[in-house]
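First comes the structure, then the notes that go with it.
One is the number of the first residue; the rest follow in order along the sequence. Here the structure is a predicted model, which means the values were calculated and not measured.
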Amino acid sequence: MAATPADVKEYPNSYVFVVDMPGLKSGDIKVQVEEDNVLLISGERKREEEKEGAKFIRMERRVGKFMRKFSLPENANTDAISAVCQDGVLTVTVQKLPPPEPKKPKTIEVKVA
């Protein structure tokens, strides 16, 4: 597994995960949410095929499978997630749930016995 660096930003209404994915197509990247509010970003960077008459002198770019997991906060709306890969950068946006309404005091009627 190749380590894939990521930036995580929090906005008033969302969380944004930015991951560099140079040379990958959207079909090579998978974005999932696991049971316990875990965002999983995975994929595979394949080795470039050698063309006839060419050979590698040095290979420094990583190839192989990669995976990153991020624990999402309780207020993450796992039903409102979008992912866009543009210019080799994957941006995953997770919307926040609206804050819960404060509980109003409940009035109990007192009956006369």
Side-chain angles (χ1 to χ4, degrees):
M1 296 281 189
T4 304
D7 294 336
V8 181
K9 301 180 219 174
E10 181 178 5
Y11 291 96
N13 297 320
S14 64
Y15 299 98
V16 177
F17 301 81
V18 181
V19 185
D20 288 338
M21 302 274 177
L24 292 180
K25 298 175 187 148
S26 61
D28 298 331
I29 304 166
K30 188 185 285 187
V31 178
Q32 299 173 298
V33 177
E34 294 181 336
E35 292 177 25
D36 300 326
N37 265 16
V38 175
L39 177 68
L40 173 70
I41 300 172
S42 63
E44 184 173 4
R45 184 174 289 119
K46 297 178 180 150
R47 175 172 282 164
E48 186 179 312
E49 292 182 25
E50 291 188 30
K51 296 187 176 149
E52 194 174 318
K55 62 179 181 176
F56 282 103
I57 297 171
R58 177 180 291 188
M59 285 187 62
E60 294 183 355
R61 297 185 305 158
R62 291 183 179 213
V63 294
K65 294 182 179 183
F66 61 88
M67 178 181 64
R68 287 296 305 267
K69 288 185 175 187
F70 302 93
S71 293
L72 295 173
E74 288 183 23
N75 67 341
N77 186 351
T78 56
D79 294 327
I81 297 177
S82 63
V84 176
C85 191
Q86 182 178 0
D87 298 330
V89 178
L90 174 69
T91 303
V92 179
T93 304
V94 181
Q95 296 298 321
K96 289 182 178 179
L97 292 169
E101 292 185 23
K103 289 187 176 183
K104 296 179 182 177
K106 184 177 177 183
T107 305
I108 289 89
E109 182 182 340
V110 178
K111 296 180 181 178
V112 178

Do you know which two heavy atoms are closest between Val16 and Ser14, and how far apart they sit?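 That closest heavy-atom pairing would be CG2-OG, 4.1 Å.
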Asn13 to Gln95 - nearest heavy-atom pair and separation: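 That would be O-OE1, 3.2 Å.
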Show your working on side chain to side chain donor-acceptor pair (under 3.5 Å) between Asn77 and Tyr15 and close with a plain yes or no. CA-CA 10 Å; Asn77 186 351; Tyr15 299 98; over 6 Å; no
Output side-chain donor-acceptor pairs under 3.5 Å for residues 104-113, partner residues at least two apart or in another chain, one line each.
none

Does some side-chain heavy atom of [Y] sit less than 4.5 Å from a side-chain heavy atom of [X]?
| X | Y | value |
| --- | --- | --- |
| Val19 | Val89 | no |
| Leu72 | Thr78 | yes |
| Asp20 | Pro22 | yes |
| Val92 | Leu39 | yes |
| Phe66 | Met21 | yes |
| Glu10 | Lys96 | yes |

Hey, what do you get for [atom1] ([X]) to [atom2] ([Y]), rounding to the nearest 0.5 Å?
| X | Y | atom1 | atom2 | answer |
| --- | --- | --- | --- | --- |
| Leu90 | Ile29 | CG | CD1 | 5.0 Å |
| Gln32 | Met67 | CD | CE | 10.5 Å |
| Lys69 | Ile41 | NZ | CD1 | 12.5 Å |
| Lys9 | Thr93 | NZ | OG1 | 9.5 Å |

So Phe17 and Val94, side chain to side chain contact (heavy atoms under 4.5 Å, CB included) or not? Walk me through it. CA-CA 8 Å; Phe17 301 81; Val94 181; 3.9 Å; yes
Determine whether Val18 and Ile81 fall in the same hydrophobic cluster, where Ile, Leu, Val, Met, Phe, Trp and Tyr are linked whenever their side-chain heavy atoms lie under 4.5 Å apart.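 No, Val18 and Ile81 fall in different hydrophobic clusters.
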